[in-house]
Structures are given as structure tokens and as C-alpha cells.
Amino acid sequence: SEAYHSFCHRDEEPEKKVLYIVGTPIGNLLDLSPRAINILKNVSLICCEDTRNTKKLLKFINLKVKSKSFHEHNENKVSLEIIQNLKNGNIVSIVSDAGTPVVSDPGYKLIQICLKENIKYTLIPGPSSVLSSLVMSGLSPDRFSFYGFIPRKAGDQNRFFETLSNDVKTSIVFESPKRIKKTLNNLQKFVGKNRKISLCKEMTKIYEDVFRGKISEIIKDIENDQINLKGELVLVIEGANNKVDLNINMQIKKEFLSKLSAADSAKLISMLTGKNKRDIYKKLIEK
């Protein structure tokens with residue numbers, strides 16, 4: 001109806017003393033919503049990770065708004081400046097280089113101060129590399145866990161993959177092109193060679209691509225230079241299948257337990273088969 005059309009397209013008048021957390025495109029600038037554009041053109045200050053990236057976005061929508069760097073190294077200091085701006089009656093927004101601020105980006109500390117100071121904040125939602133990759137992966141979207149960036153240190157990464165190997169939910173993580181091959185080889189030791197994964201590259205951009213298959217297949221394709229790793233990557237990992245019938249006969253059980261503990265045997269069989277380690281352990285200790 002005409003009334004509905006008018007309502008959906010009316011400008012939103014930003015409130016004073018409100019922090020607007022604005023979601024921005026993850027690649028394709030056309031994904032910036034009309035609502036986000038309207039908010040950005042009415043704020044007095046935009047705080048962003050990299051002012052150069054934000055200026056490109058503002059130029060695309062023909063806006064000139066004062067911007068200030070807001071990143072992990074100055075988050076505490078700038079958060080206090082933002083709070084003061086809001087208390088003075090200004091309208092402030094924060095944006096990230098891509099996607100939704102706060103999620104794997106600065107902003108959480110600022111939100112905590114807003115809550116403490118009773119300052120209102122709201123989110124203008126936008127594109128998400130997490131949800132885009134989940135949909136494009138072809139893996140189950142019913143239940144999923146987002147873990148952010150994979151730990152770099154070997155010990156932390158091993159503990160992380162140990163937890164992930166038994167998670168029945170689809171897992172979503174970020175990783176850099178430089179580290180992805182080494183990370184996948186390490187992941188395979190914990191989840192087995194048959195666990196399905198999807199490597200989502202450059203979501204919404206010109207060179208968007210998705211590589212789907214068993215983890216061993218993706219590793220092989222990377223080694224054979226069949227996958228161009230340049231660009232931003234999101235790794236989506238199939239959840240553990242606890243419903244698989246484990247066929248461990250008495251002879252196999254006897255051989256393993258004669259040389260290893262039940263826990264170590266379960267870990268080794270899990271690495272070889274890709275099946276759930278806890279289920280294997282239960283089978284091994286059954287009498």
C-alpha cells in the first residue's frame with residue numbers, strides 16, 4: 001500500500017546523545033543499507049578502524065563527515081572521548097572496516113561504558129561475513145558456533161581444535177591466507193581427514209569463491225595450487241557426528257588397548273577415522 005511504502009522509505013531522525021553502531025558492507029559497497037546512509041549523514045562524528053577505508057565508503061555515498069580512528073590500540077582513550085561527545089548532545093556512530101562493529105572488532109568496551117553511564121546505543125544492522133559464509137558453505141545452519149580468529153600459538157590452537165573436534169554444531173572461524181594451509185593440516189589431526197569443510201573467500205566481492213569438500217581434499221587442492229588463497233577467508237567446519245555407528249571389533253580393541261591407554265587409543269582412532277573421540281572412548285571401555 002502507499003502508506004506502507006511511505007513508512008518504509010521515510011528518513012529516520014537520529015536521536016541526540018545516542019551511539020549508533022552501523023554495519024557496513026563486507027565487500028560490495030551496494031550492500032550499504034539506506035537506513036545506514038541516513039544515519040551516517042546525520043551524525044557529527046564517525047569513529048572507525050581505518051579512516052582511509054571509511055573515507056572511501058563516505059565518498060561512495062557522497063558524504064563528508066568528520067572521522068576519527070578507533071581501533072584496538074586506542075580503544076580505551078577514544079571510548080572516553082566518544083562518551084563525552086554523547087554527553088555533550090552529539091550524535092556519534094562507530095563503524096568497522098567491514099561488517100558489524102564489536103564482533104571481532106573494537107566496540108565492546110565502549111558498550112560497557114554506555115551501559116554503566118546509562119547512555120543509549122543502538123545497532124543499524126548490515127552484512128555479515130559469518131552468516132554469508134554459513135549459508136554459502138552448504139553445511140548445516142541449524143546450530144552453529146562462531147569462534148572469531150583461530151589462536152596462533154601451537155598450544156592454544158591444539159586446545160581449541162580439541163574442543164572443536166567434539167562440537168556437534170557447525171563451526172565458523174577466521175584465518176589468514178598465510179596460515180590457512182598449516183592450520184588445516186593441524187585441524188585434520190583432531191577432526192580426521194573426512195570432516196567436511198568450506199573455505200569461503202572474498203565474500204560479496206568480485207572474486208568471491210567457495211571451496212567445499214573433505215578437509216583432506218581441500219588440503220590437497222591447496223598443495224596443488226588449485227585454490228587461490230589471496231583475499232579474506234572464512235573457514236566453516238562440519239559438526240561432529242555423534243550418531244555414527246562405531247564398528248570397533250574385539251580384535252582391534254584388544255590390539256589398541258595392549259599398547260595404549262583407552263584415552264590415547266580413542267584419540268588415535270578419532271584422528272584416523274574422523275569419528276567422535278568420546279564415542280570411540282565409550283566403545284573401548286565397554287565390557
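Since we're looking at a predicted model, the values are computed, not measured.
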Spatial distance of atom [atom1] ([X]) from atom [atom2] ([Y]) [nearest 0.5 Å]:
| X | Y | atom1 | atom2 | answer |
| --- | --- | --- | --- | --- |
| N53 | T24 | CG | OG1 | 9.5 Å |
| E208 | S133 | CD | OG | 8.5 Å |
| D97 | K56 | CG | NZ | 10.0 Å |
| I172 | L131 | CD1 | CG | 7.0 Å |
| I46 | K55 | CD1 | NZ | 11.5 Å |
| I197 | E238 | CD1 | CD | 10.5 Å |

With [X] via salt bridge (Lys or Arg N to Asp or Glu O under 4.0 Å) - residues at least two apart:
| X | result |
| --- | --- |
| R159 | D156 |
| E175 | R179 |
| K16 | none |
| R52 | D50 |

Using atom types as modelled and distance alone, determine if a side-chain donor or acceptor of [X] lies under 3.5 Å from a backbone N or O of [Y].
| X | Y | result |
| --- | --- | --- |
| N38 | P34 | no |
| N224 | Q226 | no |
| R212 | I218 | no |

Only one of P106, S69, S79 clears side-chain contact (heavy atoms from CB on, under 4.5 Å) with N74; which?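 Among P106, S69, S79, the one meeting side-chain contact (heavy atoms from CB on, under 4.5 Å) with N74 is S69.
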
Name all pairs fulfilling the ring-ring contact (aromatic ring centres under 6.0 Å, His included) condition that reach into residues 149-206, sequence neighbours left out, sorted by first residue then second.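 Checked against ring-ring contact (aromatic ring centres under 6.0 Å, His included) - neighbours excluded - the pairs reaching residues 149-206 are F146-F174, Y147-F160, F149-F174.
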
Pairs touching residues 213-237 that satisfy salt bridge (charged side-chain N to carboxylate O under 4.0 Å, His left out), sequence neighbours left out: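 Pairs touching residues 213-237 that pass the test: K205-E232.
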
Minimum heavy-atom distance between [X] and [Y], given as atom pair plus value:
| X | Y | answer |
| --- | --- | --- |
| I222 | L229 | CG2-CD1, 3.9 Å |
| K68 | T51 | C-CG2, 4.0 Å |
| I91 | N42 | CD1-O, 3.8 Å |
| L233 | P177 | CD1-CA, 3.8 Å |
| S140 | L134 | O-CD1, 4.0 Å |
| R195 | G239 | NH1-C, 3.7 Å |

Test of understanding: with side-chain hydrogen bond (donor to acceptor under 3.5 Å, both in side chains), list the residues that count as partners of N185, not counting sequence neighbours.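 Residues passing side-chain hydrogen bond (donor to acceptor under 3.5 Å, both in side chains) with N185: none at all.
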
Please list, chain by chain and in numerical order, all residues satisfying side-chain hydrogen bond (donor to acceptor under 3.5 Å, both in side chains) with N85, sequence neighbours excluded.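 Residues passing side-chain hydrogen bond (donor to acceptor under 3.5 Å, both in side chains) with N85: N90.
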
Hey, can you pull the donor-acceptor pairs under 3.5 Å for the side chains in residues 107-122, sequence neighbours left out?
residue: E117; atom: OE1; partner: K87; partner atom: NZ; Å: 3.1
residue: K120; atom: NZ; partner: E15; partner atom: OE2; Å: 2.9

Do I180 and L184 come within less than 4.5 Å of each other through their side chains, counting heavy atoms only?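 Side-chain contact under 4.5 Å: yes.
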
Are any of the side-chain heavy atoms of P141 and L139 separated by less than 4.5 Å?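 The answer is no, as the side chains (C-beta and beyond) never meet within the 4.5 Å cut-off.
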
Hydrophobic cluster (4.5 angstrom, side-chain heavy atoms) - remaining members for V135: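 Hydrophobic cluster check, V135: no partners found.
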
Is there a path of hydrophobic side-chain contacts, each under 4.5 Å between heavy atoms of I, L, V, M, F, W or Y residues, that connects I227 with L235?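 As far as the 4.5 Å side-chain criterion goes, L235 and I227 are connected within one cluster.
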
If Ile, Leu, Val, Met, Phe, Trp and Tyr residues are connected whenever their side-chain heavy atoms lie under 4.5 Å apart, and connections chain through other members, are F144 and L164 in the same group?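 F144 and L164: separate clusters.
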
With a cut-off of 3.5 Å and sequence neighbours excluded, list every side-chain donor-acceptor pair involving residues 26-33.
residue: N28; atom: OD1; partner: L30; partner atom: N; Å: 2.9
residue: S33; atom: OG; partner: A36; partner atom: N; Å: 3.0

Just distance, no hydrogens or angles: give the donor-acceptor pairs under 3.5 Å from side chains in residues 256-268, sequence neighbours left out.
residue: S258; atom: OG; partner: K254; partner atom: O; Å: 3.4
residue: S258; atom: OG; partner: E255; partner atom: O; Å: 2.7
residue: K259; atom: NZ; partner: E255; partner atom: OE1; Å: 3.4
residue: S261; atom: OG; partner: D264; partner atom: N; Å: 3.2
residue: S261; atom: OG; partner: D264; partner atom: OD2; Å: 3.4
residue: S265; atom: OG; partner: S261; partner atom: O; Å: 2.8

Take a 6.0 Å sphere around CG of N62 and say whether it holds more than 12 heavy atoms from other residues, nucleotides or ligands.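 No, CG of N62 has 12 or fewer neighbouring heavy atoms, counting only those of other groups under 6.0 Å.
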
